[in-house]
Undergrad: 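Can you read through this structure? Questions will come right after.
Just so you know, these numbers come straight off a predicted model, no measurement behind them.
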Amino acid sequence: MNAHALTALKLTGIAFGAMSLGLLFMGLGRIVSARIQRRIGPPFYQSFIDVIKCFTKTSITHNFVMDLGIIMALGGLIATAFFVPFANFSVLGSSSVVIVLYLMSIGYLGMAMGVSASGNPNATIGISRALALMLGYKIPFVMVIMAMILTYNSSDLLTYALAQNHGFGSWHIFKYPLGFIAVEIAFQAMVGEKPYDHMIAPAEIASGPMVELSGKYLGIGFLLHAVQLYVETGLIVNLFLGGAQTWYIMMVKMFAVYFTTMCINAVMARYRIEQGIRHLWIWAGSFALLQLVYTRIWG
Amino acid sequence: MYDHIFKRAQSLHGDKITCEKKHPQQLEIKTDRHYVMNLLSWLKTESYVHLAFISCIDWIEENQFELVYHVYSYEEKNHILVKTRLDRDRPWMHSIIDVWGHAQPYEQEIHEMFGVYFPGNPDLSGLFLHNWKDLPPMRKDFNPKDYSLALYSLKGMGHEALDMDFIQEITELEVE
Amino acid sequence: MEHDNIYLTNLRDEKQNMWTGLANYFRKRSMWMLYYCTGCGAIELPPTMTSRYDMERLGMGPMATPRQADLLLITGYLSVKTLKRVIWSYEQMQEPKYVVGFGSCPINGGIYWDAYPVINHLEAFMPVDMSIAGCMPRPQAIIDAFEKLMDEIQQGKAVGYKRYRKHYDWYKRNQDLVLNRQSAVLTPYVDPFASMPTAAELMAQESEDSHV
Ligand code: SF4
């Protein structure tokens, strides 16, 4: 087997691994919310059942752009997943955080294109909210990344992860606590959990972007969310929680990040859209700015 | 409570109305239908600014409809019912939307449910009923039971069968 | 039928092979519902969904739009106006789809059997896969019904959507009978004021009449 085929195989493995891990997290996240609400909750494999069921249903498409957009979103996010190091292992040999941020937007834009083509006004509202919110969380996030790049003179996620390999004390969560808080707030908005779930808002705009997705499209929508979870939790683990040497440590750390998010999600209500953006800019933004200034002067 | 308004009504409109105390906070005024508008505009100036509702009653034996205007005063904290009778064969009544604009949907509803016509009301189209072609349904000579049986029952739909047989029948419709 | 408060309305078997059997397993374990809160029954769903009875155990959850849902809950009486919307929602749902009628109203009209705006037999307008008798059924009965529905789905008996597709003309005829009626049911009503006269005209006419 030649090297290319091997890489292709590995990439396929990562794609499916990312989807399954994301789905597993979603199932566990539902159990977490259920337990907080004193319910039993679904089995942990519920999300797998949901996705498979979605693929057994008939589905309706509105035009070619809708198909294209959805596939582009999934493709964009899976491509992002290739660049996120998993347990200090990166198939492509490069894991620049700039590429990750750039590719992640392709996912969102694909989604925006696909669901806007479906012609439902609620979907368009949902997408415009999602893009507005993106403006809110990308800025603090990028400021924190800039602080890192200034320190290490490198944008490689693997470099950051390896630099944190010397025990707890070297973890960035202790070195850059303000940056961690900023990113944690931004993360809440990235995965679209409360209080930043404007874009889904089931009772308000009937689940926003997903409103016209039926059957297989909805299944892909779920997979999108799963890959998104993988990418974003992986990013935070590599940036702040010391990366990981082994795959199970990595998974535990990733789940810890998601667990925090779900706990916040279970007890918060939704902000209004302009409140949400203001909150992100003021709180996450000021923490990120402080971190940046601090790193620049004393770091 | 309402002695004041009672006396004023008697002295100003005494020959056109009959007043009756119904309840410590409720006064009933009966009047001719052409006089209702005058009375209501007068009441509005007398702090009875809240038109709560307009209701309609079908007195089928007397061959009359009765319209009841409920007005309320926040200052005197009492409630006046202005009642008037209409001929049931040709029921129409002056619209009061010039006095209270929000009377429009009330009149629209009475028109739909009783067939009382309100000249001057700009919109008397149907409000609640879907594709209605029968007598207005709140009239006493409309029989809802017959209607329901004729339209919604299985017999009415052309299935000459008892319930369980019917369900059996459509369940047995062959599937693929 | 021998079941106490639930009777099964689907007796016909779908031809099952291994794949449909497997697909049915996933379908039954993940029913997303669109609850159309038409009547009293809507109030029984919050306890069914939340901590006390927790229907998420069964993989069920509320969904926001008909496109995403598998299960349409008709929670109570259906007026003619609502029926039209229910049919739209049902036709927007993607197959396989199931309908559950709550309470006696969708079965035979319940206490509204003689009311002019409320239809009596939902079964005549769309295929109902499961009916729960009671006024209103308690959450226990609802969960029970969902479990029975899951069994039916697994056995390939809940095929109302196929019946709807195959016998669409039959259902459409009944729907038209109620929704697009052309003539009056009992006495046709002739509006004496159809020409929309003004008050002045009416008064002039009245004084004329009184002179005669
Ligand atoms: S069956 Fe009873 S509870 Fe249910 S909608 Fe009818 S009247 Fe209401």
Side-chain angles (χ1 to χ4, degrees), chain A residues 23 26-27 29-62 66 115 118-123 126 197 199-219 221-222, chain C residues 16-37 46-72 89-98 139 143 146 150 153-154 156 161-162 164-165:
Chain A
L23 287 178
M26 280 158 72
R30 282 168 74 174
I31 296 184
V32 171
S33 331
R35 287 293 150 86
I36 291 175
Q37 296 164 357
R38 295 203 177 174
R39 289 187 287 124
I40 296 175
F44 71 92
Y45 48 85
Q46 183 65 44
S47 299
F48 292 93
I49 297 183
D50 287 349
V51 169
I52 296 175
K53 179 214 67 178
C54 281
F55 281 102
T56 69
K57 290 192 75 167
T58 55
S59 39
I60 191 164
T61 174
H62 293 268
M66 183 170 162
V115 301
S118 75
N120 192 311
N122 279 332
D197 64 340
M199 121 174 162
I200 307 288
E204 199 181 329
I205 50 171
S207 74
M210 321 249 270
V211 61
E212 275 295 313
L213 302 187
S214 54
K216 302 179 176 69
Y217 294 87
L218 193 58
F222 265 75
Chain C
Q16 286 228 45
N17 59 29
M18 205 181 81
W19 288 115
T20 51
L22 196 62
N24 282 341
Y25 171 77
F26 291 108
R27 287 169 187 163
K28 82 166 186 191
R29 286 311 309 259
S30 154
M31 284 192 283
W32 290 339
M33 52 183 198
L34 176 73
Y35 49 102
Y36 200 91
C37 298
T48 320
M49 269 187 256
T50 49
S51 322
R52 184 67 195 264
Y53 295 102
D54 187 22
M55 65 163 70
E56 205 182 3
R57 281 178 300 142
L58 308 177
M60 307 182 68
M63 270 289 155
T65 68
R67 292 262 189 247
Q68 304 164 352
D70 310 301
L71 184 59
L72 178 62
S89 306
Y90 181 70
E91 289 179 354
Q92 277 189 39
M93 286 165 64
Q94 295 299 309
E95 293 174 357
K97 50 192 173 183
Y98 315 101
I143 295 273
F146 287 154
M150 284 163 72
I153 293 175
Q154 180 66 74
Y161 63 96
K162 288 189 182 169
Y164 190 70
R165 199 161 9 117

Undergrad: If I take atom CG from residue C:Asp70 and atom SG from residue A:Cys54, how far apart are they, to the nearest 0.5 angstrom?
TA: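 It is 7.5 Å, given to the nearest 0.5 Å.
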Undergrad: State which residues pass salt bridge (charged side-chain N to carboxylate O under 4.0 Å, His left out) with C:Lys28; sequence neighbours excluded, sorted by chain then number.
TA: none
Undergrad: To the nearest 0.5 Å, what is the distance between CE (C:Met63) and CG (A:Leu218)?
TA: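 So the gap between those two atoms works out to 6.0 Å.
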Undergrad: Measuring from A:Ser118:OG to C:Arg67:CZ, what's the distance to the nearest 0.5 Å?
TA: 9.0 Å
Undergrad: Do C:Gln94 and A:Thr58 pass the side chain to side chain donor-acceptor pair (under 3.5 Å) test, and can you show the C-alpha distance, the side-chain angles, and the key distance before you say yes or no?
TA: CA-CA 6 Å; C:Gln94 295 299 309; A:Thr58 55; 3.3 Å; yes
Undergrad: Give, for atom CD of C:Gln92 and atom CD1 of A:Ile60, the distance between the pair rounded to the nearest 0.5 Å.
TA: 8.5 Å
Undergrad: Could you check C:Thr50 against A:Gln37 for side-chain contact (heavy atoms from CB on, under 4.5 Å), going step by step and ending with a plain yes or no?
TA: CA-CA 8 Å; C:Thr50 49; A:Gln37 296 164 357; over 6 Å; no
Undergrad: Non-hydrogen atoms of chain C under 4.5 Å away: do they reach the side chain of A:Gln46, the backbone, both or neither?
TA: side chain
Undergrad: What pairs with C:Tyr90 under ring pair (Phe, Tyr, Trp, His ring centres under 6.0 Å), at least two apart in sequence or on another chain?
TA: C:Tyr164
Undergrad: So which residue, A:Ala34, A:Gly221, A:Ser59, ends up with the most heavy-atom pairs under 4.5 Å with chain C?
TA: A:Ser59
Undergrad: Can you tell which part of A:Leu213 gets under 4.5 Å to a heavy atom of chain C, answering side chain, backbone, both or neither?
TA: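 Looking at A:Leu213, just its backbone touches chain C.
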Undergrad: With respect to chain A, which residue among C:Met31, C:Lys97, C:Glu95 yields the maximal number of heavy-atom pairs within a distance under 4.5 Å?
TA: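 With the most close heavy-atom pairs to chain A, the winner is C:Glu95.
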Undergrad: Nearest 0.5 angstrom please: C:Tyr25 OH to A:Thr56 OG1, how far?
TA: 13.5 Å
Undergrad: So which heavy atom on A:Ile40 is nearest to which on C:Asp54, and how close?
TA: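 Distance-wise, the nearest heavy atoms are N-OD2, 2.9 Å.
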Undergrad: Is it the backbone or the side chain of C:Thr65 that comes under 4.5 Å from a heavy atom of chain A, or both, or neither?
TA: side chain
Undergrad: Does C:Trp32 reach the side chain of A:Lys53, with side-chain heavy atoms less than 4.5 Å apart?
TA: yes
Undergrad: For the residue pair A:Lys57 and C:Pro96, establish whether any side-chain heavy-atom pair is separated by less than 4.5 Å.
TA: yes
